[in-house]
Amino acid sequence: MKIILPSFAERLKTLRKSKKMTQVGMAELLGCTDRHYQKIEYGQINVPATTVIFLADYFGVTADYLLGRE
């Protein structure tokens with residue numbers, strides 16, 4: 001089942017830019033390729049719950065906020 005999360009993608013991009021991080025920097029932080037990170041940020045792929053939790057902690061927001069549930 002493929003679910004696209006546009007709110008997640010949009011909020012992730014906004015948060016990344018607020019920290020002045022590049023997509024390449026985020027990919028390094030997550031241990032993935034920059035292309036894979038781009039797909040996450042463009043809402044083309046889903047991410048594991050552990051990644052959502054890591055990103056929420058990194059940006060100081062809730063997982064619900066990242067997922068557009070707030």
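We number each residue from 1, following the sequence as shown.
- Annotation: the span from Y37 atom OH to M21 atom CE amounts to 8.0 Å, rounded to 0.5 Å.
- Distance CD1/I45 to CD/Q38: 10.5 Å, rounded to 0.5 Å.
- Taking CE of M26 as the reference point, atom CG of D34 lies at 13.0 Å (rounded to 0.5 Å).
- In terms of heavy-atom proximity, F59 sits nearest to L15 at CE2-O, 3.4 Å.
- If you take CZ on R35 and CD on Q23, they are separated by 9.5 Å, rounding to the nearest 0.5 Å.
- Applying the salt bridge (Lys or Arg N to Asp or Glu O under 4.0 Å) definition to pairs two or more places apart or across chains, those involving residues 50-65 are D64-R69.
- G43 and A9 get closest at one heavy-atom pair: N-CB, 3.5 Å.
- Here the side chains of N46 and F8 are not in contact, with every heavy-atom distance at 4.5 Å or above.
- Hydrophobic clustering (side-chain heavy atoms under 4.5 Å, transitive across Ile, Leu, Val, Met, Phe, Trp, Tyr) keeps L55 apart from I53.
- Closest of all the heavy-atom pairs between G68 and S7 is CA-CB, 3.8 Å.
- Taking CG of L12 as the reference point, atom OG1 of T51 lies at 10.5 Å (rounded to 0.5 Å).
- Taking all atoms of both residues into account, the shortest heavy-atom contact from A56 to L66 is N-CD1, 3.5 Å.
- Legend: residues meeting salt bridge (charged side-chain N to carboxylate O under 4.0 Å, His left out) with R16, ordered by chain and number and at least two apart, are E41.
- In this structure, the side chains of F54 and V47 stay at 4.5 Å or more apart for every pair of heavy atoms.
- Side-chain heavy atoms closer than 4.5 Å link hydrophobic residues (I, L, V, M, F, W, Y) into clusters, and following such links, even through other members, never connects V24 to L30.
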